[in-house]
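Working notes for the structure below.
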2 protein chains.
Amino acid sequence: MSTDPRIRRSREQLRQALASLLQEVSYESLSIRDITARAQVGYATYFRHYSDKDALLMDLLTDSIERLQALLPPGVDATPAEEGAVIFEHMAQSHHIYSILLHGEGTQRILDEIRAVAVGEVIRHFQARPDSQVPLEVAATHLVDSLIALTRWWLLSGMPYSPQRMGQFYAVLVAEPVRSFLEPRPVALAAQPPAGR
Amino acid sequence: MSTDPRIRRSREQLRQALASLLQEVSYESLSIRDITARAQVGYATYFRHYSDKDALLMDLLTDSIERLQALLPPGVDATPAEEGAVIFEHMAQSHHIYSILLHGEGTQRILDEIRAVAVGEVIRHFQARPDSQVPLEVAATHLVDSLIALTRWWLLSGMPYSPQRMGQFYAVLVAEPVRSFLEPRPVALAAQPPAGR
DNA sequence: TGAGTTATGATACACGGTGTATCATAACTT
DNA sequence: AAGTTATGATACACCGTGTATCATAACTCA
């Protein structure tokens with residue numbers, strides 16, 4: 001599906017137009033007309049592919065985030081600082097697009113989606129320790145929100161510390177304190193999942 | 001100044017109109033025309049008092065935040081959990097307005113202002129410990145951002161825990177870990193400030 | 001009380017962005 | 001080659017913003 005070269009071309013032109021315009025002006029100040037003009041694509045054509053301005057941005061962001069997920073295989077035994085460094089490294093590589101996400105005016109909804117997915121992942125992989133003072137949901141939300149906030153501050157400030165250093169800050173300020181309330185869920189030992197097809 | 005009853009009346013009508021409309025619909029979906037209609041005030045009159053929609057919201061928020069600041073005298077010796085409970089208590093009282101601030105689409109800029117002031121306050125009252133692994137600015141930003149994020153999550157979730165409980169979460173997840181990197185600045189001992197009038 | 005000042009309401013306006021509709025044409029598929 | 005489908009161009013209705021104007025009402029101060 002969507003193998004029609006005209007469709008792929010239009011979408012690619014629009015994606016690249018947005019990416020290139022974002023290096024010049026703010027996301028909020030861009031109109032859809034601006035994007036279609038740069039993309040050399042008809043104005044009406046835009047709405048044949050994306051419902052609104054956010055949809056195109058989300059399209060770009062999805063790519064970056066999938067790349068980030070690939071960097072974080074679930075069962076790793078990396079230290080929090082190492083894991084954090086990987087994340088901040090990735091953020092630095094795609095800092096243009098993440099800056100828009102984290103500092104933009106109209107990107108709250110998109111960020112909320114991403115946040116929810118990330119919190120879900122944490123909950124899927126961790127559980128509250130028996131004597132934890134903090135519910136799982138609260139700790140997971142805090143973990144994700146703090147990482148986002150740290151990244152946000154870092155990008156906004158022009159990345160004044162190395163990704164490795166940021167990974168350490170994340171580890172000592174966020175991950176290690178949270179680890180005293182959460183522990184990894186025991187992995188399913190056997191290869192065969194119980195049932196449920 | 002601004003003692004003219006007509007001015008006070010217009011502003012008060014607008015403030016109350018926004019406050020009452022926010023109980024019914026989202027901030028983003030409100031137009032200035034909606035506000036002036038509810039306020040029984042001419043459309044053009046709005047711009048004689050507020051430059052745009054955010055300015056009126058900021059006006060409302062300023063009141064709430066001043067009330068919060070009054071609750072947090074600088075030199076208190078409360079525990080982090082107690083201090084947190086006071087903050088969450090206040091948030092609960094004015095949860096309507098803070099929900100708009102923390103979850104709204106067009107309130108990023110306002111929230112940034114507030115965040116910056118709060119970080120400045122933390123920096124004014126704390127300093128990095130000699131052996132701290134984390135710079136003062138990073139720790140202060142993390143402290144503020146995490147508190148905002150916790151509050152945001154709490155309000156969005158319908159305040160599922162008591163303010164006291166939230167204060168504890170804040171203490172163990174944020175404040176206490178940060179305190180291992182920051183310490184209160186030594187207070188100026190004498191009553192006479194040095195010079196500089 | 002009365003004269004001067006000023007905020008107001010009503011209205012009109014220019015501007016800019018969004019999203020839909022239409023239609024001839026070009027690009028694709030089979 | 002015939003049929004399908006995406007495209008560009010264009011026009012349009014809609015809505016919100018912020019400014020301008022002006023007669024009128026509300027206020028201040030003497």
Side-chain angles (χ1 to χ4, degrees), chain A residues 1-22 24-61 100 103-110, chain B residues 1-22 24-61 100-101 103-110 113:
Chain A
M1 58 187 67
S2 89
T3 179
D4 190 326
R6 292 172 295 182
I7 293 178
R8 285 205 311 275
R9 178 184 171 275
S10 291
R11 293 198 181 148
E12 198 47 38
Q13 303 264 92
L14 287 170
R15 292 161 53 107
Q16 289 188 10
L18 177 56
S20 98
L21 283 169
L22 284 180
E24 304 166 19
V25 292
S26 76
Y27 176 66
E28 299 80 42
S29 71
L30 273 179
S31 71
I32 294 177
R33 284 208 150 82
D34 294 335
I35 300 171
T36 56
R38 171 70 61 97
Q40 310 225 60
V41 154
Y43 176 67
T45 298
Y46 182 92
F47 298 95
R48 293 177 181 123
H49 299 285
Y50 299 101
S51 59
D52 54 20
K53 212 173 74 170
D54 281 3
L56 176 55
L57 179 63
M58 190 60 180
D59 196 14
L60 288 190
L61 280 165
I100 279 99
H103 196 225
E105 277 285 328
T107 55
Q108 201 64 33
R109 192 155 288 138
I110 297 177
Chain B
M1 55 187 67
S2 88
T3 178
D4 189 325
R6 293 170 296 183
I7 294 177
R8 284 205 311 275
R9 178 185 172 278
S10 291
R11 292 196 181 150
E12 197 48 36
Q13 303 262 91
L14 288 169
R15 292 162 52 110
Q16 289 188 10
L18 177 57
S20 97
L21 284 169
L22 284 180
E24 304 166 20
V25 293
S26 76
Y27 176 68
E28 300 80 44
S29 71
L30 273 179
S31 70
I32 294 178
R33 284 208 149 82
D34 294 335
I35 301 171
T36 54
R38 172 70 61 99
Q40 309 225 62
V41 154
Y43 176 68
T45 298
Y46 182 92
F47 299 96
R48 294 179 180 123
H49 298 285
Y50 299 101
S51 60
D52 54 19
K53 210 172 75 168
D54 281 4
L56 176 55
L57 180 62
M58 190 59 180
D59 196 13
L60 288 190
L61 279 166
I100 279 101
L101 171 67
H103 196 224
E105 277 285 328
T107 54
Q108 202 64 34
R109 192 157 289 138
I110 297 178
E113 281 183 52

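Naming convention: chains lettered A, B, ... in sequence-line order (proteins, then strands); numbering from 1 in each chain.
Computed from coordinates, the B:Tyr50 OH to C:dT8 P distance equals 11 Å when rounded to whole Å. Going from atom OH of B:Tyr27 over to atom P of D:dG16 covers 15 Å, rounded to whole Å. In this structure, the CZ atom of A:Arg33 is 11 Å from the C1' atom of D:dA11, given to the nearest Å. Counting to the nearest Å, the P atom of D:dG16 and the CG atom of B:Asp34 are 7 Å from each other. Spacing between atom NZ of B:Lys53 and atom C1' of D:dG16 amounts to 10 Å, rounded to whole angstrom units. B:Ile32 places its CD1 atom 10 Å from the P atom of D:dT19, with the value rounded to the nearest Å. What separates CG of A:Leu30 from C1' of C:dG16 is a distance of 15 Å, to the nearest Å. The CZ-C1' distance, from A:Arg8 to C:dT29, rounds to 13 Å in whole Å.
Note that the CG atom of A:Leu30 and the CD atom of A:Glu28 stand 9.0 Å from one another [nearest 0.5 Å].
Counting only heavy atoms from C-beta outward, the side chains of A:Ile100 and A:Leu61 never approach each other to under 4.5 Å. Side chains of A:Leu57 and A:Leu22 form a contact here, defined as non-hydrogen atoms less than 4.5 Å apart. Side-chain atoms of A:Arg38 and A:Asp34, non-hydrogen and from C-beta on, never get closer than 4.5 Å to each other. Side-chain contact between A:Gln108 and B:Thr107 is absent, with no heavy atoms from C-beta onward closer than 4.5 Å.
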Checking side-chain contact (heavy atoms from CB on, under 4.5 Å) for the pair B:Leu101/B:Ile110: CA distance, chi angles, key distance, verdict? CA-CA 8 Å; B:Leu101 171 67; B:Ile110 297 178; 3.8 Å; yes
Show the numbers, then the answer: is there a side-chain contact (heavy atoms from CB on, under 4.5 Å) between A:Leu56 and A:Arg11? CA-CA 9 Å; A:Leu56 176 55; A:Arg11 293 198 181 148; over 6 Å; no
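Taking a pair to require two hydrogen-bonding distances under 3.5 Å in either a Watson-Crick or a G-U wobble arrangement, D:dA9 pairs with C:dT22.
A search for side chain to side chain donor-acceptor pair (under 3.5 Å) contacts involving A:Arg33 returns nothing, not counting sequence neighbours.
A:Tyr46 and A:Tyr50 have tilted rings, their planes meeting at an angle from 30° to 60° on a 0 to 90° scale.
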Can you check each nucleotide of nucleotides 24-30 of chain D against protein heavy atoms at under 4.0 Å and return B for base, S for sugar-phosphate only, - for none, in 5' to 3' order? -BBSS--
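Of the residues in residues 40-49 of chain A, those lying under 4.0 Å from DNA chain C by heavy-atom distance are A:Tyr43, A:Ala44, A:Phe47, A:Arg48.
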